[in-house]
2 protein chains.
Amino acid sequence: MAEPRYRRRKEDRPDEITAAALSAFAENGYAATRVEEVAKRAGISKGLLYLYFKTKEELFKAVIRSVVIPRVDALELALDQSTLSAEAFLRGPMLQFMQGIPGSPVGIVVRLMIAEAHRHPDLVDYYWQNVVSRGLAALQRILDRGVENGEFRRTAVNELPHLLIAPVIFSVIWKLLFENRSLDTDRLIECHIDMILNDIKA
Amino acid sequence: MAEPRYRRRKEDRPDEITAAALSAFAENGYAATRVEEVAKRAGISKGLLYLYFKTKEELFKAVIRSVVIPRVDALELALDQSTLSAEAFLRGPMLQFMQGIPGSPVGIVVRLMIAEAHRHPDLVDYYWQNVVSRGLAALQRILDRGVENGEFRRTAVNELPHLLIAPVIFSVIWKLLFENRSLDTDRLIECHIDMILNDIKA
DNA sequence: ATAGTTAATGACCGGCCGGTCAGCAAGGAT
DNA sequence: ATCCTTGCTGACCGGCCGGTCATTAACTAT
């Protein structure tokens with residue numbers, strides 16, 4: 001009599017499914033991943049998956065959201081609560097944050113976004129509003145804070161905070177394509193931050 | 001009796017087909033592009049396409065090759081024939097080369113590579129050998145030449161020429177995702193080169 | 001116990017698409 | 001003209017996969 005064939009666990013399913021989807025997408029990409037494979041990894045039937053997510057595309061969006069938003073939240077929180085100087089923040093928590101991105105689920109999400117963006121324009125909008133613009137704004141706040149402190153000069157970087165994260169995106173792509181070929185992405189990112197600080201310090 | 005229903009043009013077909021494939025892949029990505037759509041754009045039947053390319057995957061590889069190799073060749077040629085100082089080369093031809101990449105077919109190829117790499121490991125190898133390692137070697141040669149001239153100091157960049165092109169890759173991705181949102185990628189790349197030169201100049 | 005609710009199953013369907021092939025017609029040779 | 005070669009067509013097939021639905025069985029309330 002022991003175990004019933006399955007348990008009803010309405011609460012837990014969505015998270016379990018998105019986690020399963022993330023791992024499947026990571027291995028095979030979105031288009032090549034069968035919904036049934038995701039269900040299998042989540043330990044449920046395909047039918048049940050469709051009870052929680054209307055379409056494969058909805059599932060995709062949920063995965064993106066679940067991975068990326070917490071990261072941005074964490075960055076903003078760290079920035080707001082920090083009492084470090086701008087330089088110390090960049091060399092400390094910010095550097096760590098940036099070094100953590102390649103090889104994390106965020107890297108996978110970047111790949112998925114790149115591959116699928118054109119077919120999900122609404123997702124691009126969402127990503128822009130909730131990730132990119134928030135992230136860039138945070139960077140700009142650090143830099144401006146530095147300028148106000150007298151730590152930094154006002155330079156082109158203040159208008160192009162993108163320069164700060166370019167090597168992170170580069171590293172994500174590199175790891176994706178050439179995982180085996182050696183490149184010390186931590187060092188790459190650190191050198192880059194060094195260079196920028198040398199350039200903008202008052 | 002005018003026009004025959006079709007003409008036999010064995011010589012021209014392959015290039016026309018890869019060009020058609022590039023434009024189709026650019027719009028829809030590899031997985032979502034139907035072979036019949038490529039054939040249509042090339043003005044031929046699907047059957048004929050399969051006469052020139054054994055599988056869809058073969059076609060994909062041919063597209064990648066046709067786009068990317070000429071670029072690397074051009075870069076190497078420019079570098080070998082140039083008599084400019086290292087700094088002048090970086091600020092002149094090299095900058096132009098880098099600024100030209102986002103928005104060109106190379107950008108599309110980068111997207112395709114990112115999206116499909118894991119399913120075509122042999123293509124990644126090919127890409128590595130014929131594009132990436134050649135490109136990095138070229139960069140290193142410029143930098144080393146600068147050091148020998150006494151123009152540059154020897155710095156971390158000599159071992160991490162990746163730093164030079166990171167913002168290019170970033171710009172490619174940006175254009176892909178956020179084409180409409182404004183970012184002056186030319187300026188981004190120029191500022192970055194500026195910064196690097198400031199850092200490494202003797 | 002019993003009945004009612006609903007989480008969960010898994011067999012099924014329809015259409016899409018990579019790849020094939022029998023035949024056709026354009027060009028060349030004689 | 002006539003035949004031969006071969007570039008080219010387009011109808012076709014098979015299987016894969018996103019999505020559905022009738023049914024079942026785990027829980028809840030009484």
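For B:His192 and A:His192, the ring centers sit closer than 6.0 Å to each other.
Atoms CD1 (B:Ile17) and P (D:dG7) sit 13 Å apart, rounded to a whole Å. Rounded to whole Å, the distance from CG on B:Leu59 to P on C:dC17 is 16 Å. The distance from atom CD of A:Glu11 to atom P of D:dC27 is 14 Å, rounded to the nearest whole Å. Going from atom NZ of B:Lys10 over to atom P of D:dC8 covers 9 Å, rounded to whole Å. Across the protein-nucleic acid pair, B:Lys40 atom NZ and C:dC17 atom P stand 12 Å apart, rounded to whole Å. Rounded to an integer number of Å, the gap from CZ of A:Arg9 to P of C:dA8 is 8 Å. Taking atom CD on A:Glu16 and atom C1' on C:dA7, their separation rounds to 14 Å, with Å as the unit. Following rounding to the nearest Å, B:Leu48 (CG) and D:dT6 (P) show an atom-to-atom distance of 15 Å.
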- B/S/- along nucleotides 23-30 of chain C (protein heavy atoms under 4.0 Å) is --BBS---
Under 3.5 Å, N/O pairs linking protein and nucleotides 18-20 of chain D:
residue	atom	partner	partner atom	Å
D:dG18	OP1	A:Thr33	O	3.3
D:dG18	OP1	A:Lys56	NZ	3.2
D:dG18	OP2	A:Val35	N	2.8
D:dG18	N7	A:Lys46	NZ	3.2
D:dG19	OP2	A:Tyr50	OH	2.9
D:dG19	OP2	A:Lys56	N	2.9
D:dG19	N7	A:Lys46	NZ	3.0
D:dG19	O6	A:Lys46	NZ	2.4

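Listed by first and then second residue, the ring pair (Phe, Tyr, Trp, His ring centres under 6.0 Å) pairs that reach into residues 75-114 of chain A come to none, sequence neighbours excluded.
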- Task: Test A:Asp12 against A:Asp15 for side chain to side chain contact (heavy atoms under 4.5 Å, CB included), laying out the working first.
- Result: CA-CA 6 Å; A:Asp12 304 331; A:Asp15 285 351; over 6 Å; no
- Which is it for A:His118 and B:Arg111 under the side chain to side chain contact (heavy atoms under 4.5 Å, CB included) test, yes or no, and what are the steps along the way? CA-CA 11 Å; A:His118 45 110; B:Arg111 173 175 111 208; 3.6 Å; yes
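A sub-4.0 Å separation between OP1 or OP2 of D:dC8 and a side-chain N or O of B:Tyr52 is present.
For B:Ile44, taking side-chain heavy atoms from C-beta onward, the closest of the listed nucleotides D:dT9, C:dA7, D:dC8 is D:dT9.
Under a 4.0 Å N-O distance rule, the pair B:Asp125/A:Arg181 qualifies as a salt bridge. The residues B:Lys46 and B:Glu37 are annotated as not salt-bridged, no charged nitrogen and carboxylate oxygen being separated by less than 4.0 angstrom.
Residue-environment remark: CD (A:Glu58) exceeds the threshold of 12 foreign heavy atoms within 6.0 Å.
Cation-pi geometry between B:Lys56 and B:Tyr30 is satisfied (NZ or CZ under 6.0 Å from the ring centre, within 45° of the ring normal).
The main-chain N or O of A:Glu87 is found under 3.5 Å from a side-chain atom of A:Glu151 such that the two form a donor-acceptor pair.
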